[in-house]
Amino acid sequence: MNIRLEKMKQNQECERRKRIAEEKHKEWVQKKREEERRERKRKLSKEMAEKATRELEKMQLQEKADIKYKEWLKKKRAEEAEKKKKEKEKEKEREAELQEKRKRSEKIFKEWLQNARNKPQPPLHGYGFPYGKSTGLY
């Protein structure tokens, strides 16, 4: 009887230990799952934060690029306007020079014409030739 009682106590003790071990195991598994879930959540939030940071940096970089492009475009247009302005000035200078040259040419031509009228005419039968030209053989 004592042996049976002893065995029963041992069985009960063994079962109690098993139950306690199972409960502890279940608690450990639950803690582990909870920890893994928290870790996944933390990683996900970290990735989202990094992604948001990257997107923000990308947007800032794009804004800087747009600003620089607009500045470059403005500068380029100003240069082109300046170039056109210089070309127009050169064209005006050329026109002015041509006009001045025409006026000088006309003035010189008129002076020559005036002087040509006042110049004495060469004799008609110069050098013994009729009308100033040779008319026959030597």
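Counting from 1, the numbers follow the sequence of the chain as shown.
- Side-chain contact check for Arg4 versus Met8: every heavy-atom pair is 4.5 Å or farther apart.
- Side-chain contact between Lys107 and Glu111 is present, with heavy atoms from C-beta onward closer than 4.5 Å.
- Of the charged side-chain nitrogens involved, none lies within less than 4.0 Å of a carboxylate oxygen, so that Arg19 and Glu22 do not count as a salt-bridged pair.
- Paired with Glu39 under the rule side-chain hydrogen bond (donor to acceptor under 3.5 Å, both in side chains), one option of Lys41, Lys43, Arg42 passes, and it is Arg42.
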Salt bridge (charged side-chain N to carboxylate O under 4.0 Å, His left out) assessment of Arg77 paired with Glu80: CA-CA 5 Å; Arg77 286 181 178 162; Glu80 286 179 11; over 6 Å; no

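- Of the charged side-chain nitrogens involved, at least one lies within less than 4.0 Å of a carboxylate oxygen, so that Glu13 and Arg17 count as a salt-bridged pair.
- With rounding to the nearest 0.5 Å, the separation of CD1 in Ile20 from NE2 in His25 is 15.5 Å.
- Each of Lys86, Glu79, Lys84 was scored for a side chain to side chain contact (heavy atoms under 4.5 Å, CB included) with Glu82, with one residue passing: Lys86.
- Between atom CG of residue Leu98 and atom CD of residue Glu100 there is a gap of 11.0 Å, rounded to the nearest 0.5 Å.
- Rounding to the nearest 0.5 Å gives a distance of 11.5 Å between CD of Gln114 and CZ of Phe109.
- One finds no salt bridge joining Glu89 and Lys92 here, because no Lys/Arg side-chain nitrogen approaches an Asp/Glu carboxylate oxygen to under 4.0 Å.
- Here the NZ-CG distance, from Lys75 to Leu73, works out to 12.5 Å after rounding to the nearest 0.5 Å.
- Other residues, nucleotides and ligands contribute more than 12 heavy atoms inside 6.0 Å of the CD atom of Glu34.
- One distance of note links CG of Asp66 with CD of Glu71; it measures 11.5 Å at 0.5 Å rounding.
- Put simply, CD on Glu50 and CD on Glu57 are 10.5 Å apart, with the number rounded to the nearest 0.5 Å.
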Stepwise side-chain contact (heavy atoms from CB on, under 4.5 Å) test for Arg40 and Glu36: CA-CA 6 Å; Arg40 279 195 307 265; Glu36 286 176 356; 4.2 Å; yes

